[in-house]
Amino acid sequence: MSSSLFSLRAAALALGVLGAAITPSVASAAAPMVKTQAPGFYRVMLGAFEVTALSDGTVDLPVDTLLHGPAGTVAARLAAAHLKSPVESSVIGFLVNTGDKLVLIDTGAGALFGPTLGKLGASLRAAGYQPEQVDEVLLTHAHPDHVGGLMGPAGVAFANATVRLDEADAQYWLSAAKLDAAPAQAKGFFQGAMASLNPYAEAGRLKPFAAGSELLPGIRAIAARGHSAGHTVYAVESQGQRMLLIGDLIHVGAVQLEDPRVTIAFDSDEPAAAATRRTVFARAAKENLLIGAAHLPFPGLGHLRQAGSSYRWLPVDYTTQLK
Ligand SMILES: [Zn+2]
């Protein structure tokens, strides 16, 4: 009910003159608010490959404490972008249908990161696929918001998939010795990786790879170290069109595009992570590669343009014409 109608009604009641003429029709006209978003998928073509960004949801990140950069940089960049901490950050996986194989790059958080995430499976179904159809899961790294979706409420989420990740990340995150040696606040990352990956390993369907491998026709793994020991980006190419799925090379576009030196506490080696970001971004901008980023605003698809020591993000234009 609107406040003006409420006032009118109150006044009428006070005067004892409330009549049929001013009661129900206006008050019943307002539709209830729905407060949901569109289904969490967005699709583009890359040559003959179909690429679908799948939303796992969003999570509020306290970036004022997580981001590390020159004094004042983070606050200034956030303010300039009309943002403030915590920043609502997307978690995105990318589904590539090559025509021969259905390949999922990163799986979202599953149950490991709270109730606002874990929606990648629903997005995949909304996008017209079933989890059983996924042939290969490629992981950029083994942090919980990338591996958690490997497990569903009833066990393994991708019943027919082989899971691939860099052998350095597999050795690190699946090591019982490293779990034991880790500080208390880091143990959850190891436990999340183990709970997500070990069921596939026990079924003989976890196949770590060496950096530089061509994993499938048109999909190559490239070492991009720093965020984790085995952090990997995936180069995807079809009919001369090229894309780079960059995982966690960037978390907060408003800050780290302007100043790529800014790192995040989740980086296992922050200087190395910043150096890798500089190298990969410079190449992606120069070669005009389509980027798929796991944590930029959904759908996380766009191009980078270099501007001095900064970058501009050019999101893909909306399209309904998938040729
Ligand atoms: Zn991540």
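We count ligands from 1, going down the list as the structure has it; atoms in each ligand are counted the same way. Counting from 1, the numbers follow the sequence of the chain as shown.
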Tell me whether the centres of the aromatic rings in [X] and [Y] are closer together than 6.0 Å.
{"X": "Phe158", "Y": "Tyr200", "value": "no"}
{"X": "Tyr318", "Y": "Tyr42", "value": "yes"}
{"X": "His143", "Y": "Phe266", "value": "no"}

*Taking the Zn ion (ligand 1) as the vertex, what is the angle from OD2 of Asp248 to NE2 of His146, given to 10 degrees?*
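Angle OD2(Asp248)-the Zn ion (ligand 1)-NE2(His146): 100°, rounded to 10°.
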*Is the distance from the Zn ion (ligand 1) to the nearest N/O/S atom of His251 under 2.8 Å?*
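For His251, the answer is no, given that no N, O or S atom comes within less than 2.8 Å of the Zn ion (ligand 1).
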_the Zn ion (ligand 1) reached by His295 (N, O or S, under 2.8 Å)_ =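 So His295 counts as coordinating the Zn ion (ligand 1), yes.
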*Tell me, which N, O or S atom in Asp145 is closest to the Zn ion (ligand 1)?*
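Closest to the Zn ion (ligand 1) among those atoms: OD2.
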*How far apart are the C-alpha atoms of His251 and Gln256, what are their side-chain angles, what is the distance that settles it, and do they pass the side chain to side chain donor-acceptor pair (under 3.5 Å) test?*
CA-CA 7 Å; His251 291 79; Gln256 293 173 293; 4.5 Å; no
